[in-house]
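Before any comments, here is the structure.
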Amino acid sequence: MSIGACGPYAHIVAHFEPPGSDAEFELISVAPERQLPAEYLPALRAGLLEGLDGVAAAVLITEGSFSEVDSSEYGYRIAGRQAGRAALIASGLLPPAEGDDLRWADWPGRQDLARAGKRGSRSARRPGGR
């Protein structure tokens, strides 16, 4: 019998850039199916669109992981939403303070909240994106 951990699990590594041509949103996953099953891509896409809040972007998913027990569409939607918000903060389109609620996302330049005393310790692997 498998027993789950403490909630929905999703892990992605995402890279963001402006989209090519007239596209408003592009999503490409090069993560192997064993790391990120295709069944979670629609939920991930929906979460990314929510998190980007209308900002055009090309998103490349390079890595991922899942749990047979704890992964769900809901978890990947959360991961996508947090990754999209993190991308907006990292690009300067949202103020850094907006990142305070992004518990599981990480991005270049993010202040380590654990050292700042604002939150407990952070794990090295988080279910959000970059």
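Bear in mind that the values here come from a model prediction, so they are computed numbers and not experimental data.
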### Query
Is atom CD of Glu39 surrounded by more than 12 heavy atoms (other residues, nucleotides or ligands) closer than 6.0 Å?
yes

### Query
Is any side-chain heavy atom of Glu26 less than 4.5 Å from a side-chain heavy atom of Pro19?
yes

#### Entry: Approximate separation, where rounding is to 0.5 Å, of Phe66 CZ and Glu68 CD
5.0 Å

### Query
How far apart are the closest heavy atoms of Leu44 and Gly80, and which atoms are they?
CD1-CA, 3.6 Å

### Pairwise distance CZ(Arg77) to CZ(Arg45) - rounded to 0.5 angstrom
12.0 Å

### Task
Without swapping roles, check the side chain of Glu63 against the backbone of Ala31 for a donor-acceptor pair under 3.5 Å.
no

### Query
Of the non-hydrogen atoms in Phe16 and Ala83, which two are nearest, and what is the gap between them?
CZ-O, 3.6 Å

### Query
Ion pair present between Arg85 and Glu50, side-chain N to carboxylate O less than 4.0 angstrom?
no

### Summary
In terms of heavy-atom contacts, Ser29 and Leu36 come closest through OG-CD2, 3.9 Å

### Task
Taking all non-hydrogen atoms of both residues into account, name the closest pair between Ser67 and Tyr9 and its distance.
N-CD2, 3.8 Å

### Message
Using the rule that Ile, Leu, Val, Met, Phe, Trp and Tyr join whenever any side-chain heavy atoms are under 4.5 Å apart, tell me whether Leu49 and Ile78 fall into a single cluster.
### Response
no

## Note on the structure
Heavy-atom nearest pair, Ala86 first then Trp107, reads CB-CE3, 3.2 Å

### Shared hydrophobic cluster, Leu102 / Leu93 (ILVMFWY, side-chain heavy atoms < 4.5 Å)
yes

### Task
Measure the CD-OG distance between Glu17 and Ser91 for me, rounded to the nearest 0.5 Å.
13.0 Å

#### Entry: Close side-chain approach of Val55 to Leu88, heavy-atom, < 4.5 Å
yes

### Task
Determine whether Val13 and Ile61 make a side-chain contact, defined as any pair of heavy atoms from C-beta on separated by less than 4.5 Å.
no

### Query
Can you tell me if Ser72 and Tyr40 form a side-chain donor-acceptor pair at under 3.5 Å?
no

### Query
What heavy-atom pair brings Leu52 and Ala57 nearest, and what distance separates the two atoms?
CD1-CB, 3.8 Å

### Side-chain heavy-atom pair Leu60, Val30 within 4.5 angstrom cut-off
yes

#### Entry: Nearest-0.5 Å distance, NE2 of residue His11 to CD of residue Gln35
9.0 Å

### Task
Show the numbers, then the answer: is there a side chain to side chain contact (heavy atoms under 4.5 Å, CB included) between His15 and Val59?
CA-CA 6 Å; His15 301 273; Val59 183; over 6 Å; no

#### Entry: Leu48 CG to Asp53 CG distance, which is reported to the nearest 0.5 Å
13.0 Å

